[in-house]
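Reading through the structure tokens given below for one structure.
The structure presented is a predicted model; accordingly, all values stated were derived computationally and were not measured. Hydrogens, waters and symmetry mates are skipped; everything else that's a heavy atom, side chains included, is used. Position 1 is the first residue of the sequence, and the numbers go up from there.
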Amino acid sequence: MSEVKKTKYLNPYVGGVLLGLVLLAANFVSGRGLGASGAIKSAVVTTVSSVMPSHVENSAFYTEYKESHPGNPMKSWLVFEMIGVLIGGFLSGAFAKRLKFKVEHSPKITSKRRIMFAVLGGILFGFGSQLGRGCTSGSALSGMAVLSVGGFLTMAFIFGTAFALAYFFRKNWI
């Protein structure tokens with residue numbers, strides 16, 4: 001019988017305090033909070049501009065985005081933030097010796113089903129972040145940090161929706 005190896009992670013309370021300090025520093029240094037969906041939008045705009053420039057000229061979304069973000073969209077600080085998140089996550093995994101390709105899932109489901117739900121969840125999250133004018137980091141955490149009513153409402157709806165739907169999806173995780 002194999003022995004279960006205990007993996008040590010950062011205390012969630014310490015992690016929360018550190019996230020708060022990073023958010024405070026981002027507001028102090030850049031005058032803006034954190035966010036990830038803006039980086040994805042910059043990458044999409046740059047890709048579509050490179051592949052189909054005529055579509056960008058005829059689309060109100062791309063035209064409006066390019067007018068409000070002069071220069072190269074890939075030079076947005078959000079893009080550099082996300083690159084840092086990816087590199088930081090990779091280095092953290094490497095130093096903790098947790099870098100390996102594996103799909104963690106409930107014994108009741110297959111890896112294929114887990115990946116399918118993760119991709120579907122990512123697509124829905126991306127769509128929702130565009131409808132909500134930002135992701136959880138930008139809308140909820142950064143909004144709450146500046147005491148925005150919208151930030152508190154966003155966080156309440158994020159947790160409320162998760163709580164309401166958890167019953168239906170729990171068999172995929174437990």
Which pair of heavy atoms, one from L19 and one from L141, lies closest together, and at what distance? CD2-CD1, 3.8 Å
Indicate if F61 and V56 have the same hydrophobic cluster label, given that clusters are the connected sets of ILVMFWY residues with side-chain heavy-atom separations under 4.5 angstrom. yes
Could you tell me the separation between the CZ atom of F117 and the NE2 atom of H105, rounded to the nearest 0.5 Å? 13.5 Å
Group every Ile, Leu, Val, Met, Phe, Trp and Tyr by side-chain heavy-atom contacts under 4.5 Å, then state whether V79 and I40 land in the same group. no
Do V119 and L124 share a hydrophobic cluster, counting only Ile, Leu, Val, Met, Phe, Trp and Tyr and linking them when any side-chain heavy atoms are less than 4.5 Å apart? no
Would you give the length of the straight line joining atom CE of M116 to atom OG1 of T110, rounded to the nearest 0.5 angstrom? 8.0 Å
Roughly how far apart are S42 OG and F80 CZ, rounded to 0.5 Å? 10.5 Å
Residue pair K66 / S49: nearest heavy atoms and the distance that separates them: CE-OG, 3.4 Å
Expected output: side-chain S68 to main-chain E64 donor-acceptor under 3.5 Å: yes
Hphob cluster co-occupancy, L23 + L18, side-chain heavy atoms under 4.5 angstrom: no
Grab the two heavy atoms, one from R114 and one from E104, that are nearest each other, plus how far apart they are. NE-O, 3.2 Å
How close do K100 and K97 get, counting heavy atoms only, and between which atoms? NZ-O, 4.3 Å
Within a strict 4.5 Å, meaning less than it, do heavy atoms of the R98 and S92 side chains meet? yes
Same cluster or not: are I87 and F90 linked, directly or through other Ile, Leu, Val, Met, Phe, Trp or Tyr residues, by side-chain heavy atoms under 4.5 angstrom apart? yes
Measure the spacing between CD1 of I158 and CZ of F125 and express it to the nearest 0.5 Å. 7.0 Å
Locate the shortest heavy-atom distance separating I115 from V103; write the atom from each residue and the value. CD1-CG2, 3.8 Å
Please tabulate, for the side chains in residues 159-166, all donor-acceptor contacts under 3.5 angstrom to protein atoms that are two or more places apart in sequence or on a different chain.
unit_1 : atom_1 : unit_2 : atom_2 : d
T161   : OG1    : F157   : O      : 2.7

What's the shortest heavy-atom distance between T46 and M74, and which atoms? OG1-CG, 3.2 Å
